[in-house]
Every structure is written in C-alpha cells, then in structure tokens.
Amino acid sequence: MLDIKYIRENPEKIRERIATKNGDVDITAIIDLDTRRRNLGKKTDDMKHRRNTVSQQISLKKRNKEDASAEINDMQSLSANIKENDIALTAIQDELNTRLLLIPNCPHPDVPVGNSEADNIEISSWGQIPSFDFKVKDHLDIAESLGMLDLKRGAKLSGSGFPLYAGWGARLERALINFMLDLHINEHGYTEIFPPFLVHSDVATGTGQLPKMADDMYYLKEDDLWLIPTAEVPVTNMHRDEVLSSANLPIKYVAFSACFRREAGSYGKDTRGLQRLHQFNKVEMVQFVHPDQSYAQWELLIGHAEKVLQELKLPYRVLELCTADLSFAAARCRDIELWAPGSQKWLEVSSCSNFEDFQARRANIRFKDEKGMHYVHTFNGSGVATPRLLIAIIENYQQADGSILVPDVLQSYLGTTQIKG
RNA sequence: GGAGAGGUGGCAGAGCGGCUGAAUGCAACGGUUUGCUAAAUCGUCGUAGUGCUAAUAGCGCUACCGGGGGUUCGAAUCCCCCCCUCUCCGCCA
C-alpha cells in the first residue's frame with residue numbers, strides 16, 4: 001500500500017511510475033475520496049467536540065440539580081446527525097481503502113524500464129554450462145525411468161500439477177529441503193519457522209496477494225481460509241500489527257512450506273514434468289529490516305540463495321527484472337535461473353523481491369526508535385524452490401547409463417553417491 | 001462439538017455510566033546524586049486521523065480499553081452478535 005499523503009502530494013509522479021509497470025490507477029478518484037473524507041471528517045469531529053463539551057455541561061447541571069432538558073434535546077438531534085455522518089464517512093473510507101489496496105508498488109528508481117520479460121537484464125552468472133558426450137535426456141524421462149516421479153498417479157489423486165514423488169525422488173526432495181534449511185540456519189544466520197499453510201484473508205492481504213490475485217489462490221470457503229502460495233505470506237504476517245524494537249532488526253526467518261498455486265491463465269505453458277505445478281515445496285527467506293539497510297541486506301539475501309546453487313555446483317544466472325516484469329508488491333526484484341541441459345532452457349528457481357514499506361504498511365508492521373514510529377522494510381527470496389532445482393540436478397548430473405550422480409553436499413543427506421535404476 | 005473463565009497502554013494489573021486516555025507497579029527515556037559493573041531521587045513516557053503552520057517542531061480537535069452493532073445527552077464501564085485465549089468434558093492424528 002502506498003501512503004495516502006504521498007499520493008496526495010505526488011499524484012503525477014505515482015501515475016508515471018505505475019505506468020512503467022504497465023499498471024493503470026485512477027489517482028483522481030482516490031484524491032477525490034481523500035478530500036471528501038477529510039472534509040466530512042473535520043466537520044464530524046467538530047460536531048463531536050460540541051457534543052462532548054455540552055455533555056460535560058449536562059453532567060455539571062445534573063449534579064447541581066439544575067434542569068438540562070434543553071441541552072439534552074439539542075444533543076439528541078446532534079447525535080443523530082453525527083451518526084449519519086459517521087455512516088457516510090465509513091462508506092468513503094471503505095472505498096478509499098479498496099482502491100488503495102489495488103495500487104501496485106512503485107518500482108525503485110534503479111529498476112530498468114521495460115515492456116516485457118525480454119527486457120530483464122542479466123547482471124551476473126556462475127558456473128559452466130556442461131557438455132555431454134552422449135545424448136542428454138530431460139528430467140521427466142530420467143526421473144520416471146528411475147522411479148523417482150509418478151506424475152500419472154499424482155494426477156489420479158489430484159489432477160495434473162500435483163506431483164507424486166517416489167523412492168529416491170521423494171528422498172532427494174526431502175534431502176534438498178534439509179540441506180537448504182541447514183545452510184541458511186547455520187551459515188546465514190536465519191531462524192527457522194514452520195508456519196501454517198492456511199491463512200486468513202487479512203493475512204493474504206498483508207503481503208499483497210489479496211485482493212488482486214484471489215484467482216491464483218486456493219480458497220476454502222467453509223472456513224474462510226486461503227492456501228498459501230508461498231511461506232512469505234504467513235512468515236511476513238507473523239509480525240502483523242506489531243511494533244518491533246529497532247535493536248532487534250534485522251529479523252531473518254527461513255521457512256520450508258508447501259506452496260499452492262492455481263496458476264489460472266497459464267495452462268499449457270512450460271508444463272512438462274516439474275516445470276509448473278499447483279503444489280510444490282520451497283524454502284523461503286524473509287527479512288524485516290531498518291529502511292536504511294534495506295537494499296544492502298537484500299543483496300546479501302540474494303547471495304544466500306546463490307550459495308545454495310554454488311554448493312550444488314549448478315550453473316545459474318541472475319537477472320534484474322525490468323519494470324514490466326515486477327510483481328504487484330515488489331519495488332525491485334532479482335530472479336535466479338538455473339540451466340537445465342535436458343530441457344535446454346533457463347528455469348527460475350528464486351525470486352528475490354524488495355517490497356520496501358509496501359507490505360509493512362498493509363500489515364502494519366512498524367519499529368520504534370528515538371525518532372518515533374516507522375514502517376519496516378520487508379523483502380524475501382526463495383532459497384530455493386525445489387521442483388526446478390530437482391530438474392536441474394537430474395539433468396546436470398545425468399550419466400550415460402541413465403543414472404544420476406548425487407551432488408557432494410547431498411551425499412550425507414541421502415546416504416548414497418549415485419541414484420541408479 | 002459442550003461447559004466455564006477471561007480479553008484494558010511495551011509488559012503486569014486496577015477501574016465497571018460523566019471528575020478515566022485511563023490508577024498502580026515494572027520496563028524505557030532525560031536530569032540530579034552517589035559511585036563502580038548498581039542503587040536512590042525528580043521528571044518524561046500510547047497510537048492514529050485531522051485542522052492551523054514553512055515544518056516529520058508546536059498547539060487544538062477527534063477516535064481508539066479484542067471486533068462489530070445497540071441503549072444513552074454521555075460507555076472501557078450496560079445490552080446483543082462475532083472472534084480469540086485459557087481450563088474442564090467429548091472426539092481425534
């Protein structure tokens with residue numbers, strides 16, 4: 001959410017910044033609502049002041065056994081008017097809020113302006129793209145032949161997009177999650193969180209998924225609960241409506257969770273194997289920081305995600321997303337993509353977004369220092385999502401005989417050096 | 001799912017129609033004093049909206065005692081609904 005005062009004072013600037021994100025906002029309507037809210041609010045507050053004053057007089061008169069019926073009469077009609085105004089005011093406030101919640105975050109000034117994902121900029125890369133002296137296969141062929149994946153049975157249970165891992169596939173999945181959590185906890189100083197996977201509407205609103213992305217989330221009507229699309233949602237909202245102590249910042253959490261996404265509107269795109277799923281596992285890093293440290297810490301977090309891939313010795317590249325490719329809530333974002341030789345493409349395994357105070361304002365997460373109250377900055381990044389990581393491991397570590405070598409750092413977790421048929 | 005108790009400022013905890021934005025204690029901040037890893041003492045000490053103003057400084061007004069309604073000239077205080085926490089019972093991994 002943007003600050004209404006900032007909108008009031010910089011309407012044109014906001015319109016321009018949002019336009020670079022291909023967003024369109026009716027700033028005029030918002031400013032109009034804001035003006036009406038302030039005018040009616042002032043008027044009503046003055047009426048309430050009068051009521052408070054006169055009520056004091058009534059109290060005094062009654063104590064002195066004097067007649068106060070004239071004043072009481074007056075106040076009866078005044079109170080009726082106040083009630084009418086309050087109702088009107090609530091309606092204005094509600095509409096204003098609804099509109100404010102639909103305004104995307106403004107991109108950071110350093111974000112390259114672009115029209116599509118084609119305008120994202122590669123800012124670094126790591127590792128060598130491997131070459132093979134045999135015909136490479138893609139992850140689905142390999143995993144199915146090794147009994148690691150059973151997508152047919154997954155679909156029998158829940159439909160396509162709900163993968164069923166079996167045998168070494170299931171064990172590899174579990175090993176990856178443990179490896180990543182341990183890395184972030186032991187080497188990067190994060191505190192582990194294991195959150196609920198179902199959350200209230202206001203929680204999903206706090207991080208920016210609602211109201212705009214409602215169609216992309218699974219919803220349980222009976223209980224009014226949403227399945228989380230990422231651990232970011234519950235973990236960020238842990239501190240909703242809290243005042244944090246500045247001495248405790250930055251707060252760094254890492255959480256494993258299953259993630260549920262309806263992927264409405266993306267049918268048929270990148271669907272082979274594990275590329276795009278309705279349910280997947282992810283290790284997510286979330287930080288709450290002082291605004292002054294925001295971008296420095298965010299860069300470190302990207303390094304934490306990269307470290308996972310370096311330890312696994314997988315080639316990757318880092319992209320700075322252009323304005324058009326930024327998500328609703330993000331001010332700035334870098335994606336990390338892994339090379340998948342069997343599929344012959346780069347696969348996004350981590351998205352590291354800085355939201356500045358956008359989420360903090362929505363979720364009301366503040367900190368206090370000598371100068372007063374401020375909103376924290378929040379940012380997060382996958383560290384990382386498992387399905388595409390699994391694809392990259394299988395495809396990069398595949399052998400001519402159809403087996404897969406296990407990356408060094410996973411061998412102790414898996415108890416083997418090679419996965420064979 | 002059933003029964004009971006309770007939700008008050010950073011925390012603990014009074015208040016139970018007007019003199020309460022809220023006692024008291026702790027914590028925090030500032031000063032004094034003594035001095036050694038502390039105590040004593042004085043003062044300050046909620047958040048948000050809004051108006052005036054050059055002002056994130058100051059002053060004023062309004063709102064907020066889990067959330068939403070109601071009664072009343074006036075509600076933290078009375079009434080109704082909902083949510084949450086705790087205890088007991090039931091069910092259950």
Side-chain angles (χ1 to χ4, degrees), chain A residues 1-10 30-97 99-101 194 196-206 220-226 234 237-249 251 258 288 290-292 356-357 360-377:
Chain A
M1 192 151 67
L2 302 180
D3 182 6
I4 182 66
K5 285 180 193 157
Y6 185 76
I7 296 176
R8 199 186 291 155
E9 285 157 19
N10 306 278
I30 285 168
I31 292 191
D32 177 55
L33 283 164
D34 177 49
T35 307
R36 283 165 58 201
R37 174 187 131 260
R38 282 191 293 157
N39 289 342
L40 187 58
K42 179 70 171 81
K43 199 169 142 195
T44 310
D45 280 356
D46 288 345
M47 288 161 77
K48 286 177 179 171
H49 180 214
R50 176 143 179 273
R51 180 175 68 185
N52 287 345
T53 311
V54 176
S55 287
Q56 287 293 315
Q57 294 165 2
I58 293 170
S59 165
L60 257 168
K61 284 202 169 186
K62 286 212 160 185
R63 230 172 302 158
N64 296 333
K65 310 278 189 219
E66 293 172 37
D67 176 43
S69 54
E71 284 87 345
I72 290 176
N73 240 337
D74 265 7
M75 289 308 101
Q76 276 173 345
S77 63
L78 181 64
S79 273
N81 290 337
I82 288 174
K83 183 172 276 182
E84 274 177 32
N85 282 3
D86 274 342
I87 290 168
L89 206 49
T90 303
I92 292 171
Q93 184 71 60
D94 285 351
E95 194 186 339
L96 182 58
N97 270 340
R99 284 175 178 273
L100 285 174
L101 286 172
F194 186 60
F197 293 179
L198 275 65
V199 296
H200 292 303
S201 296
D202 57 354
V203 169
T205 305
L220 296 173
K221 196 178 172 200
E222 289 285 300
D223 300 288
D224 191 21
L225 289 168
W226 302 81
N237 280 282
M238 280 170 61
H239 294 300
R240 146 181 223 90
D241 290 323
E242 289 184 17
V243 178
L244 306 170
S245 163
S246 61
N248 293 335
L249 301 179
I251 294 171
F288 303 79
H290 190 288
D292 292 349
E356 300 183 353
D357 64 4
R361 211 175 273 284
R362 288 178 162 242
N364 192 29
I365 307 169
R366 297 174 294 173
F367 71 96
K368 202 175 193 172
D369 64 12
E370 348 31 272
K371 288 184 202 152
M373 293 286 226
H374 316 275
Y375 288 105
V376 297
H377 276 203

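In terms of phosphate contacts, A:Asn39 brings no side-chain nitrogen or oxygen within less than 4.0 Å of OP1 or OP2 of B:G51. For the OP1/OP2 pair of B:G74 and a distance below 4.0 Å, the side-chain nitrogens and oxygens of A:Arg51 include at least one atom meeting the criterion. OP1 or OP2 of B:U62 has at least one side-chain nitrogen or oxygen of A:Asn52 nearer than 4.0 Å. Distances shorter than 4.0 Å separate some side-chain N or O of A:Ser79 from OP1 or OP2 on B:G74.
B:C92 makes up no base pair with any nucleotide shown, lacking Watson-Crick or G-U wobble contacts both under 3.5 Å. Searching all strands for a Watson-Crick or G-U wobble partner of B:U47 with both distances below 3.5 Å returns B:A63. For B:G9, there is no paired base (Watson-Crick or G-U wobble, both distances below 3.5 Å). The partner of B:A22, taking Watson-Crick or G-U wobble pairs whose two distances both stay under 3.5 Å, does not exist in any strand shown. The partner of B:U72 cannot be assigned: no Watson-Crick or G-U wobble pair with both contacts below 3.5 Å exists in any strand. B:U32 is paired with B:A40 under the Watson-Crick or G-U wobble criterion, all donor-acceptor distances under 3.5 Å.
Following rounding to the nearest Å, A:Arg50 (CZ) and B:G74 (C1') show an atom-to-atom distance of 14 Å. In this structure, CD of A:Gln56 is placed 11 Å from P of B:A75, rounded to the nearest angstrom. Nucleotide B:G74 holds its C1' atom 15 Å from the NE2 atom of A:His49, rounded to whole Å. A:Tyr375 places its OH atom 14 Å from the C1' atom of B:U56, with the value rounded to the nearest Å. Here B:C61 presents its C1' atom at 15 Å from CG of A:Leu89, a figure rounded to the nearest Å. In this structure, A:Asp67 places its CG atom 14 Å from P of B:C73, rounding to the nearest Å. Counting to the nearest Å, the P atom of B:C19 and the CD atom of A:Gln57 are 15 Å from each other. The nearest whole Å value for the distance from the CD1 atom in A:Ile58 to the C1' atom in B:A75 is 15 Å.
Counting all heavy atoms, side chain and backbone alike, A:Asn237 lies closest to A:Val203 at ND2-O, 2.8 Å. The shortest non-hydrogen separation linking A:Asp224 to A:Ser201 is OD1-OG, 3.5 Å. Annotation for A:Pro291 and A:Phe367: closest pair CD-CE2, 3.6 Å, computed over non-hydrogen atoms.
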When you compare the protein's N or O atoms with those of nucleotides 70-72 of chain B, which come within less than 3.5 Å of each other, and at what distance?
residue	atom	partner	partner atom	Å
B:U71	OP2	A:Lys83	NZ	3.4

Filtered N/O pairs between nucleotides 47-50 of chain B and protein, under 3.5 Å:
residue	atom	partner	partner atom	Å
B:U47	O3'	A:Arg366	NH1	3.0
B:A48	OP1	A:Arg366	NH1	3.1
B:G49	O3'	A:Arg37	NH2	2.7
B:G49	N2	A:Asp45	OD2	3.3
B:U50	OP1	A:Arg8	NH2	3.0
B:U50	OP1	A:Arg37	NH2	2.8

Atom pairs, N/O to N/O, protein against nucleotides 79-86 of chain B, distance under 3.5 Å?
none

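Mapping A:Arg63 and A:Val243 onto RNA chain B by nearest heavy atom places A:Val243 closer to the 5' end of the strand. Residue whose closest nucleotide on RNA chain B sits further toward the 5' end, between A:Ser59 and A:Val54: A:Ser59.
A salt bridge links A:Arg99 with A:Glu95: at least one charged nitrogen is closer than 4.0 Å to a carboxylate oxygen.
Each of A:Lys42, A:Lys43, A:Lys48, A:Arg50 was checked for a salt bridge (charged side-chain N to carboxylate O under 4.0 Å, His left out) with A:Asp46, and the lone residue meeting it is A:Lys42.
A:His239 and A:Phe288 have perpendicular rings, their planes meeting at more than 60° on a 0 to 90° scale where under 30° would count as parallel.
Looking at A:Arg51 and A:Ser55, their side chains never bring a donor and an acceptor atom within 3.5 Å of each other.
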